[in-house]
Amino acid sequence: MKTIRLLFVTVLCCAALASCTDDDFTTNTSARLTFGADTIRFDTVFATVPTATRTFWVFNKGDAGIRLTSVRLEGGNQKGFRVNVDGSYLGTSTGFQLNDLEVRKGDSLRVFVELTSPTQTADFTELTDALVFQHESGVEQRVVLTATAWQARILNDYHVSGDETFTAEQPIIVRGNLTINEGATLTLTAGTQLYFNSNAGMHVYGRLVSQGTPDHNVVLRGDRLDRMFDYLPYDGVSGQWRGITIYEGSYDNLLQYTDIHSTMDGISVTSNNPERRTLTMEQSTVHNCQGHGLKSVNADVRVVNCQLTNTLGDCLHVEGGRVVVNNSTLAQFYPFDSARGYALYFDNTTPLIIALHNSIVTGYADDVLQGTQTEENNAFDYGFAHCMLRTPKPEEDKMERFIEVIFEDVDDQDKGGQANFMRIDIDSLRYDFQLSDSTLAINAANVSTAVSIDRMGRQRDEKPDMGCFEKLMPTTDGIRRR
């Protein structure tokens, strides 16, 4: 009798357990999963180049479990999206779907998405696919996958062996190095955009001619189009590529309306003949470098209407040679490391001649200018005329080298440093080095030596400003004038 009673109780317990297990899941059509995102957007990506991985969570916040008969990539492999759901890859062997998946109440799944767009026939192609979650109840839930694919030309350890021209027809991705061989000239026309891989740079043994326009700068930058954080694109992070190196024997290089940013060293120039011009920079920018902005060693370099800003090293670093700077802005507000270098450093490792006219040299520190006489037997000739300098006023016997110079008062936060410019925002890492209304650089350049246009190609007025940007004031008739 006891045996029969025990068996009966056991059967009841098993039935109850089975019933409980079945009741953990629901086929109610109102049951839904909650998604961390309803759309995964890759913005603009390069065709044939793998993207970084995007991820999102899938939550079951209901009172019962949900069975999924399948999770499938609707377009299969037609669009180039690759998906991993809860550790399982949706590939060819699985028919681009995962079957019989359970999501218990309070549980979650993690989904990873990547994209390698196939080659496109058009310059820009919109790509759209969907990840479909098919419930046992018949309900479908979808997460949209979308991107814009940009057809690009890809160069792998490319050598320019003769005269060659790159145009704005397609963006150019550089992997490895782009090398201009001795005797060859590479010309970059207005609007040309070069995107360098993290291990890539430009090596100039021949000649580089970059000729942008005010409306269509030539742009040299890193190749990552995604974001490190929601507020910070990788394009705003220094050290994304290796910069430009100009070697001994390379002369007459020209950069006009050219934007170089987010590099290690921006431009490194070395020469064995400072009597011949190595580099002319006009209306150009070197910004946000994890090394020096422009480093010149024993070279003849001319810098006009240029912005050299925010570098872990020095914005302009000069070791001997002949360097002339006019109407340029050297501003050291590098945000990622407090051990940043100077806005301007120079020494006479080899004989030195350096002259700055109508320029701004400023930054966070109380003193952002350093001139060091390292060799007594080498010439050490320097001078500043009609410049704004954030450095202590020199001794009286040195003042003949400083003509009509404004020395920033570091205690006056309303007139110098960050206050010179429209925007220095370390929180959002956004910068605008056009002049603010309060800066003393307005109307302070020398009429006879100032450049007739500014960094943006705008005409300077009869009272030109220091730095690379002319301050133009809006008026009610729409004409911008002082």
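As the structure is a prediction and not an experimental result, all values here were calculated from the model.
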Return the orientation label for the Trp150 and Tyr195 ring planes: parallel under 30°, perpendicular over 60°, tilted otherwise. perpendicular
Anything under 30° is parallel, anything over 60° is perpendicular, the rest tilted; go ahead and classify Tyr431 against Phe433. parallel
Is a donor on one side and an acceptor on the other found under 3.5 Å between the side chain of [X] and the backbone of [Y]?
{"X": "Trp241", "Y": "His261", "value": "yes"}
{"X": "Thr192", "Y": "Thr189", "value": "yes"}
{"X": "Asp367", "Y": "Thr391", "value": "no"}
{"X": "Thr372", "Y": "Thr374", "value": "no"}

For [X] and [Y], which I'm curious about, is there any donor-acceptor pair between the side chains at under 3.5 Å?
{"X": "Glu248", "Y": "Thr270", "result": "no"}
{"X": "Asn253", "Y": "Tyr251", "result": "no"}
{"X": "Ser161", "Y": "Asn181", "result": "no"}
{"X": "Asn420", "Y": "Glu408", "result": "yes"}

Could you go through Ser262 and Arg221, starting from their C-alpha distance and side-chain angles, then the distance that decides it, and tell me whether this counts as side-chain contact (heavy atoms from CB on, under 4.5 Å)? CA-CA 6 Å; Ser262 298; Arg221 51 157 291 176; 5.8 Å; no
[Y] ring center within less than 6.0 Å of [X] ring center:
{"X": "Tyr382", "Y": "Phe346", "result": "yes"}
{"X": "Phe402", "Y": "Phe407", "result": "yes"}
{"X": "His292", "Y": "His317", "result": "yes"}

Could you walk me through whether Asp381 and Arg401 pass the salt bridge (Lys or Arg N to Asp or Glu O under 4.0 Å) check? CA-CA 9 Å; Asp381 190 357; Arg401 297 180 180 271; 3.6 Å; yes
Given Thr263, Thr311, Thr309, the one that forms side-chain hydrogen bond (donor to acceptor under 3.5 Å, both in side chains) with His287: Thr309
Less than 4.0 angstrom from a charged side-chain N to a carboxylate O is my criterion; do [X] and [Y] meet it?
{"X": "Lys471", "Y": "Asp437", "answer": "yes"}
{"X": "Arg322", "Y": "Glu275", "answer": "yes"}
{"X": "Lys463", "Y": "Asp461", "answer": "no"}
{"X": "Asp300", "Y": "Arg277", "answer": "yes"}

Please confirm whether Arg175 makes a cation-pi placement over Phe196, using NZ or CZ under 6.0 Å from the six-membered ring centre and within 45° of the ring normal. no
Could you grab the distance from atom CG of Leu208 to atom CD of Gln211, nearest 0.5 Å is fine? 10.0 Å
